[in-house]
Amino acid sequence: MTVVTRFAPSPTGFLHIGGARTALFNWLYARHHGGRFLLRIEDTDRRRSTDEAVAAIFDGLSWLGLDWDDEPVRQFSRLPSHVEAAHRLLDEGKAYRCYATPEELADMRERAKAEGRRMLYDGRWRDRDPGDAPSGVDPVIRFKAPREGETVVEDAVQGTVRVANGQLDDMVLLRSDGTPTYMLAVVVDDHDMGITHAIRGDDHLNNAFRQTQLFRALGWEAPAYAHIPLIHGADGAKLSKRHGALGVEAYRDMGILPDALANGLLRLGWSHGDDEIIARDQAIEWFDLDRVGRGAARFDLDKLMSLNAHYIQQTKPHALVESIRPHLERAIGKALGSDNTDRLIRAMPGLAPRANNLVSLAESAAFYVAERPIAVDAKAARQLGEDSRSALSELLDVFDALDSWEEDKIEMAVRGFAQAQGAKLGAVAQPLRACLVGKTVSPGIFEVAAVLGREETLDRIRDALGSDE
RNA sequence: GACCCCAUCGUCUAGAGGCCUAGGACAUCAGCCUUUCACGCUGAAGACACGGGUUCGACUCCCGUUGGGGUCGCCA
């Protein structure tokens with residue numbers, strides 16, 4: 001049997017990390033088993049569904065590297081099949097028309113609540129004579145759910161879960177306007193799409209009972225279910241906008257690499273021994289449902305950042321430069337020339353270990369491409385006192401006389417110079433950093449000088465010396 | 001409230017009855033490295049929710065309690 005999984009978001013907002021993780025698990029499971037991963041947009045709620053949300057979901061999945069097979073299915077377009085299934089159940093006596101008004105239903109819930117029972121529909125139209133139907137009221141079609149016995153779901157993550165059928169009521173299949181409800185649409189679509197494994201959030205576990213009953217009534221086999229624990233916010237409650245449940249694009253904007261996010265999401269609720277850093281291919285090879293945990297997890301940004309730092313270091317210099325190019329070009333107000341690009345590529349090995357996200361990487365790289373005279377911040381300016389400046393002007397001659405401009409040559413020269421001056425290395429290195437970088441923090445200063453090139457280095461020193469005179 | 005699910009360091013987790021003196025990662029703290037900041041390295045602190053069973057032996061199995069979460073729509 002070929003594995004077919006699906007990700008079925010409702011397009012009412014961006015792709016948040018909970019959805020992203022659900023998609024990731026479905027994708028991984030399909031890829032691991034050489035199966036197919038399908039997409040279904042659950043847009044039967046016409047009021048709340050938007051095209052922007054659909055686009056955001058596609059973008060988010062693509063950015064995360066979760067590619068899907070076949071054309072995405074628009075659930076709304078499958079309405080005829082849903083209606084047909086509902087009518088078939090009606091014909092077979094497995095569903096019935098219900099004329100209860102919203103007010104009646106609200107009353108019913110009110111009473112159930114007061115009496116400490118579940119707030120269920122009482123089935124008042126279940127066996128009633130259709131002749132009693134009030135005129136002028138469009139009925140809904142309800143499923144005639146079994147009242148005796150229990151319904152069992154064999155969940156790949158949660159194990160065997162059972163509920164007494166008395167706890168379940170006759171759900172609405174078709175609304176009074178003739179459109180299908182989620183419960184019906186999911187079942188019909190999962191069947192028609194040949195879904196073999198439904199991997200979704202824990203919040204659907206209760207739905208699985210009803211869906212199982214529906215599958216049975218329709219004479220179909222339900223997919224294998226796997227209800228993965230939800231991701232919680234810092235307060236331990238289901239992630240929502242209140243917790244800053246961000247869309248994946250927000251993480252992208254924070255400078256998170258998609259591989260890092262995927263790795264972080266994967267480790268939330270799934271593990272492989274003590275392994276923390278799991279590359280995509282490795283994840284596909286290792287992923288399976290039996291390693292999915294059962295408790296809800298909280299999302300930790302610190303850990304994501306640390307993972308991100310790792311992935312940044314794994315990324316090739318030129319790719320890193322490309323990913324920070326937009327930031328940099330915005331900062332200097334023009335396109336980066338090829339000379340600056342080359343310089344940045346040479347600078348990346350020194351910069352990358354210092355950054356845990358692309359935004360700070362871009363910020364730390366900015367001085368390399370800044371136009372002279374570069375800005376010098378207050379702390380750095382303090383390094384450029386009179387003594388430092390005179391030392392720097394002598395250093396100028398030393399640099400000028402160097403026969404080759406390489407990191408180790410520069411280092412030897414500066415160390416020798418400091419020693420000759422009877423100064424500590426820091427007394428020379430820090431002022432030098434101040435004029436080359438404009439800040440007191442940077443990669444190794446000899447490396448900086450080497451990457452900058454002799455001419456630029458000398459010019460920046462001269463800028464600093466000249467500015468106060 | 002009813003039903004369903006869950007429960008190991010602050011956080012993510014390892015743990016399939018003796019391998020546990022409970023391991024790893026992030027965060028925290030200390031030290032080393034060092035021209036700065038990082039990276040890296042070394043070390044420290046830090047958890048089996050509680051109570052009963054079962055067993056020669058429970059973090060592991062069972063029951064209960066407590067706590068947390070989810071669901072109870074003509075939303076999905």
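In this text, all values refer to a predicted model and were calculated from it rather than measured experimentally.
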- Touch check for A:Gly269, heavy atoms < 4.0 angstrom, all strands: base, sugar-phosphate only, or nothing? sugar-phosphate
List every contact pair, protein side and nucleotides 60-69 of chain B side both N or O, where the distance is under 3.5 Å.
from: B:G69; atom 1: O2'; to: A:His232; atom 2: NE2; distance (Å): 3.1

Hits for side chain to side chain contact (heavy atoms under 4.5 Å, CB included) against A:Val172, two or more places apart or cross-chain, chain-then-number order -> A:Val140, A:Arg142, A:Thr181
In numerical order, the residues of residues 161-174 of chain A whose heavy atoms come under 4.0 Å of RNA chain B are A:Val161, A:Arg162, A:Val163, A:Gln167, A:Val172
Does the side chain of A:Arg118 get closer than 4.0 angstrom to OP1 or OP2 of B:G1 through an N or O atom? no
**Message:** Please tell me whether A:Trp270 and A:Phe287 form a close aromatic pair, meaning their ring centres lie under 6.0 Å apart.
**Reply:** yes
Under a 4.0 Å heavy-atom cutoff, the residues of residues 350-366 of chain A touching RNA chain B are A:Pro353, A:Arg354
Within the 4.0 Å heavy-atom criterion, would you say A:Ala423 contacts the bases, only the backbone, or no part of the nucleic acid?
nothing
- Contact under 4.0 Å: A:Ser271 side-chain N or O vs B:A14 OP1/OP2: yes
For A:Arg200, report the nucleic acid contact type (base, sugar-phosphate, nothing); a contact means any heavy atom under 4.0 Å. nothing
If you compare every side-chain N and O of A:Thr44 against the phosphate oxygens of B:A76 (OP1, OP2), does one of them come in below 4.0 Å? yes
Note to self: Taking the C1' atom in each of B:C41 and B:C5, what is the distance between them to the nearest angstrom?
What the structure shows: 43 Å
### Message
Taking B:C9 as the reference, what is the distance to B:C29 when you measure between their C1' atoms (whole Å, please)?
### Response
15 Å
Worksheet entry | B:A30 to B:G68 separation - C1' atoms, rounded to the nearest Å | 35 Å
query = Expressed in whole Å, how much space separates the P atoms belonging to B:C61 and B:A7?
reply = 9 Å
Quick tally for nucleotides 25-34 of chain B: nucleotides whose base has a protein heavy atom under 4.0 Å get B, sugar-phosphate-only ones S, the rest -, giving BSS-------
Heavy atoms only, 4.0 Å cut-off, all strands: where does A:Phe299 land among base, sugar-phosphate and nothing?
nothing
A:Met119 atom CE is separated from B:C4 atom C1', nearest whole Å, by 14 Å
Applying a 4.0 Å non-hydrogen cut-off, can you work out what A:Arg294 is touching in the nucleic acid: base, sugar-phosphate, or nothing? sugar-phosphate
Mind checking if A:Ser176 touches a base, just sugar-phosphate, or nothing, with heavy atoms under 4.0 Å? base
Could you tell me how the ring of A:Trp286 sits relative to the ring of A:His272: parallel (under 30°), tilted (30 to 60°) or perpendicular (over 60°)?
parallel
Q. Does a donor on one side chain sit under 3.5 Å from an acceptor on the other, for A:Asp189 and A:His82?
A. yes
Once you apply a heavy-atom cut-off of 4.0 Å, does A:Pro229 come out as touching a base, just sugar-phosphate, or nothing?
nothing
Please determine if A:Arg460 and A:Glu456 form a salt bridge, counting it only when a charged side-chain N lies under 4.0 Å from a carboxylate O.
yes
Open item on the list: Heavy atoms only, 4.0 Å cut-off, all strands: where does A:Arg210 land among base, sugar-phosphate and nothing?
Closed with: nothing
request  = Using a heavy-atom cut-off of under 4.0 Å over every strand shown, decide if A:His227 touches base, sugar-phosphate, or nothing.
outcome  = nothing
Requested in this report: Please state the P separation for the pair B:U21 and B:C59 - nearest whole angstrom.
Outcome: 10 Å
Sticking with atom C1', work out how far B:A76 lies from B:G23, rounded to a whole angstrom.
41 Å
Taking the C1' atom in each of B:C48 and B:A14, what is the distance between them to the nearest angstrom? 13 Å
Need one value for A:Leu268: base, sugar-phosphate or nothing, where a base atom within 4.0 Å counts as base even if backbone is also close, heavy atoms only. sugar-phosphate
(Q) Between A:His204 and A:Tyr182, is the ring centroid distance below 6.0 Å? (A) yes
Side-chain atoms of residues 254-261 of chain A: list all donor-acceptor pairs with protein atoms under 3.5 Å, sequence neighbours left out, distances to 0.1 Å.
from: A:Asp259; atom 1: OD1; to: A:Arg280; atom 2: NE; distance (Å): 3.4
from: A:Asp259; atom 1: OD1; to: A:Arg280; atom 2: NH2; distance (Å): 3.0

Q. On a whole-Å scale, what distance lies between the P atoms belonging to B:C50 and B:A22?
A. 15 Å
With the side chain defined as heavy atoms from C-beta on, A:Val441 is closest, among B:C74, B:C12, B:C37, to B:C37
Exercise for the section: Examine A:Phe37 together with A:Tyr29 and report whether their ring centres are nearer than 6.0 Å. Expected result: no
